[in-house]
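Residue numbers run from 1 in the order of the sequence given. Side chains included, hydrogens not; waters and symmetry mates left out as well; all remaining heavy atoms used.
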Amino acid sequence: MFEYKRTTLHQKRRILLRIWVAGIFALACFLGLVGRLWYLQVERYEGFAARADQNRIAVVPVPPRRGEILDRNGVVLARNYRDYTLEVVPANVKDMDALLEELSPIVYISAYQRRRFEQALNQSGRYASVILRNNLSDIEASWFAAHAYKFPGVELKARWVREYPQGTSAAHVLGFVGRISEADMNRLEESGDLGNYRGTSTIGKKGIEKTWEQTLHGKTGVEEVEVTASGRPVRTLQRTDPVPGSDLRLSLDIGLQKIAEAQFEGKRGALVAIEPGTGEVLAFVSAPSFDPNLFVDGIDVDSWRELNESPDYPLINRPLYSTYPIGSTYKPFVALAALELGVRSASLRIADPGYYELGGQKFRNAGGAAYGSTDMHRAIVVSSDTYFYSLGPEIGVDALHDFSKQFGFGQLTGIDLDGEKRGVLPSTDWKRRNYRKPEQQRWYAGESVSVAVGQGYNAFTLLQLAQATAVLADGGRYIEPHLVSKIRNPETGKAVSTPIEPSHVIDLKPENLKVVRDAMVDVLKSGTARRAFAGTSYQAAGKTGTAQVFSLRGAKYNAAEIDERLRDHALFMAYAPVENPRIALALIVENGGWGSTEAAPIARTVFDYWLDPERVAERERLIARVKDGS
């Protein structure tokens, strides 16, 4: 019995020990759990809370509405509209082919759209959103919204899309927007602007759209959205609205632009019209043109091939990029240089037998004409090459270079478009820098002969010729040509005008200026452009020009026997009215032949429209209403 009691006591002690050990273990576990909870809930709270929010809250960029572009009268040239798109994040799709097959019965996807989507997939990252289909109708958008749960990784979005309602009109001025490329991304990153383009798929590529990109783009907003584990949005927690881009009002008049463009139907060429005294560009024509709407979402292969392989080069901005010898339209400036430099008086007469001889070589008048005894006035009116041939060596190429440079020849005008070409205003220094062989670096007197009639090494843009004409019309005041006249702030609604101040003023003697102007008036009254400007209600001043495309090497020029693209260019420069110039222009019809018959009539049509009394009166009433705020 005693032995039994000892055994029971021993068992009780063992049980009690086990209870204590289990209790201590449980207490240790509980304390460990409390410690871990403390560590997670207190010590690591901020870090884990942020990570939880990152999983729960998606920060979505809200792209701004791009600023509109309008002409001087408020006509919309570039605007935006809302568009539904289907976008895919490849990382969230297990089987892309199966997804597309399942999606096709709900939303139509053409073969071209599928090819473009597959190309975009190859060019983007796995987590980048790629557009599968754009321009969804309301019905298509609602159908997809009802079935969206079936398609993880596919999202219906609304976006702003650029549109150019005027089509091909003023396309080279406006340019276009296109998808942001890798080169664009690198450039934005270098400039520190990449963050402002999150959520934006397009950027200005050409023209005003590119030059004024920062002004037009605006400021991207941010939206914090609560999402499910699958990424579906639940509710918006916080939103910072985007700031829309500023609206640009151009100096361009779309009515004048279309009138000028119509004159180039079936032709290749360029025209620039500027308002003397302000530097505002009124018309800017490059023919043929193109439709910028083709580039907004990426141009298709067939359209690109048609534009890129066209022998007429519609994508070339001719007034800005192309350089030409400007022929006789250069003569008023050469005459003014001779007067200002004291090389020759306006009254001095020289014999014009139809040619000028230098070093045994004869430089002949166009068409073989001979004008006899000729002074400066008559030489400009009848366009005597012989008279100006003789002026070239007398002035000297360097003196002519320094004088013409003041008018903008061979210089960047500073217009607010990208890619302007400088052209060539020759000089002895220019030739030394551009040729390697010593015999090529030397300047010959015969080269001065050609330069004085706008040929030879001369290569100017039509913009430079138009600018020089505007400066001449305004008495020597050089104001940089510009297209944007006003910038409207989207937040305040206030419009700020771009500054109009001359960069320099050419010191010209009034009596010399009068000689050249009077001769240019008579060019239109009784000279080479008399037929084109007969019966006008205004008085204009101008000069015709014909520029040789290739050397005939002494042979007689016969347009009918020469390939059309090797024929002479037809040029014209003018301003009107003479006493109070409101428009100055320069134009070229490529391979058009004579400036008097092909180019001058175009200028007459443009002047008639712009200076029409009824149109002027309507414009003045419009300006008055704007000033009154009505």
Side-chain angles (χ1 to χ4, degrees), residues 267-272 286 313 316 318-335 337 356 363-367 380 383-389 391-393 395 397 400-401 403-405 407-411 413 420-427 430-431 434-435 443-444 446-469 528 542-555 557 559 562-573 585-596 598-600:
K267 302 175 182 177
R268 300 179 303 278
L271 179 149
V272 178
S286 181
Y313 302 107
I316 295 293
R318 282 172 160 83
L320 203 65
Y321 301 163
S322 300
T323 57
Y324 308 90
I326 61 172
S328 296
T329 57
Y330 195 37
K331 289 176 181 176
F333 304 98
V334 176
Y356 172 73
F363 299 85
R364 300 183 182 278
N365 283 345
I380 294 175
S383 200
S384 167
D385 289 332
T386 295
Y387 183 93
F388 287 93
Y389 285 150
L391 267 183
I395 297 175
V397 66
L400 184 58
H401 168 277
F403 181 81
S404 299
K405 179 180 179 180
F407 287 86
F409 288 114
Q411 314 301 311
T413 65
E420 181 184 4
K421 292 293 179 65
R422 184 180 294 273
V424 176
L425 179 62
S427 67
W430 168 83
K431 199 174 184 189
N434 286 272
Y435 289 90
W443 187 269
Y444 298 92
E447 293 172 328
S448 295
V449 172
S450 298
V451 164
V453 293
Q455 295 279 171
Y457 296 112
N458 287 324
F460 308 134
T461 66
L462 250 292
L463 176 61
Q464 289 172 357
L465 181 55
Q467 172 66 2
T469 305
T528 54
K543 183 71 187 76
T544 57
T546 302
Q548 199 176 67
V549 174
F550 82 111
S551 176
L552 294 170
R553 300 187 182 278
Y557 177 82
I562 298 175
D563 181 89
E564 188 266 339
R565 294 179 185 270
L566 297 178
R567 295 172 188 169
D568 294 345
H569 295 322
L571 295 108
F572 188 72
M573 53 84 82
L585 62 72
L587 69 99
I588 185 171
V589 179
E590 292 182 5
N591 313 115
W594 296 104
S596 58
E598 292 296 326

Residues forming a ring pair (Phe, Tyr, Trp, His ring centres under 6.0 Å) with Y321, sequence neighbours excluded: none
Full working for side chain to side chain contact (heavy atoms under 4.5 Å, CB included) between T469 and L585: CA-CA 7 Å; T469 305; L585 62 72; over 6 Å; no
Heavy-atom closest pair, residues A468 and F409: CB-CZ, 3.5 Å
Y435 and W430 aromatic ring geometry - parallel, tilted or perpendicular at 30°/60° bounds: perpendicular
Contacts of A270 that satisfy side chain to side chain contact (heavy atoms under 4.5 Å, CB included) - sequence neighbours left out: R318, P319, L462, I588
Residue pair S328 / T546, side-chain heavy-atom distance below 4.5 Å: no
Which residues share a ring pair (Phe, Tyr, Trp, His ring centres under 6.0 Å) with Y389, sequence neighbours left out: F363
Partner residues of Y356 under the ring pair (Phe, Tyr, Trp, His ring centres under 6.0 Å) criterion, sequence neighbours left out: none
Exam field: side chain E420 to backbone T413, donor-acceptor pair closer than 3.5 Å: yes
A547 to G327 - nearest heavy-atom pair and separation: CB-N, 4.1 Å
Sequence neighbours excluded - salt bridge (charged side-chain N to carboxylate O under 4.0 Å, His left out) pairs with any residue from residues 447-464: K431-E447
Exercise: identify the closest heavy-atom pair between I326 and T329: O-OG1, 2.6 Å
F460 side chain near L465 side chain, heavy-atom distance below 4.5 Å: no
For I395 against A337, the heavy-atom pair lying closest together: CD1-CB, 4.5 Å
Check against side chain to side chain contact (heavy atoms under 4.5 Å, CB included), V424 and T323: CA-CA 8 Å; V424 176; T323 57; over 6 Å; no
Backbone N/O of Q411 and side chain of Q464: donor-acceptor pair under 3.5 Å: yes
Short side-chain donor-acceptor distance under 3.5 Å, S427 and W443: no
Nearest-0.5 Å distance, NZ of residue K331 to CD1 of residue I380: 9.5 Å
Reported CG-to-CZ distance for the pair L271 and F572, which is rounded to 0.5 angstrom: 11.0 Å
Test item: T461 side-chain N/O and G423 main-chain N/O as donor-acceptor pair under 3.5 Å: no
Y330 and S404: side chain donor to acceptor below 3.5 Å: yes
OG1-CG distance between T386 and N365, expressed to the nearest 0.5 angstrom: 3.5 Å
Closest heavy-atom pair and its distance - A366, D385: N-OD2, 3.0 Å
Reference residue N591; test side chain to side chain donor-acceptor pair (under 3.5 Å); the match among R268, K267, R567: R268
Minimum heavy-atom distance A599-L587, with the two atoms named: CB-CD1, 3.3 Å
Parallel, tilted or perpendicular, as decided by the 30° and 60° cut-offs, for the rings of Y324 and H569: perpendicular
Between CG on residue D568 and CD on residue E598, distance to nearest 0.5 Å: 12.0 Å
Contacts of F388 that satisfy ring pair (Phe, Tyr, Trp, His ring centres under 6.0 Å) - sequence neighbours left out: none
K543 versus S383, side-chain donor and acceptor atoms under 3.5 Å: yes
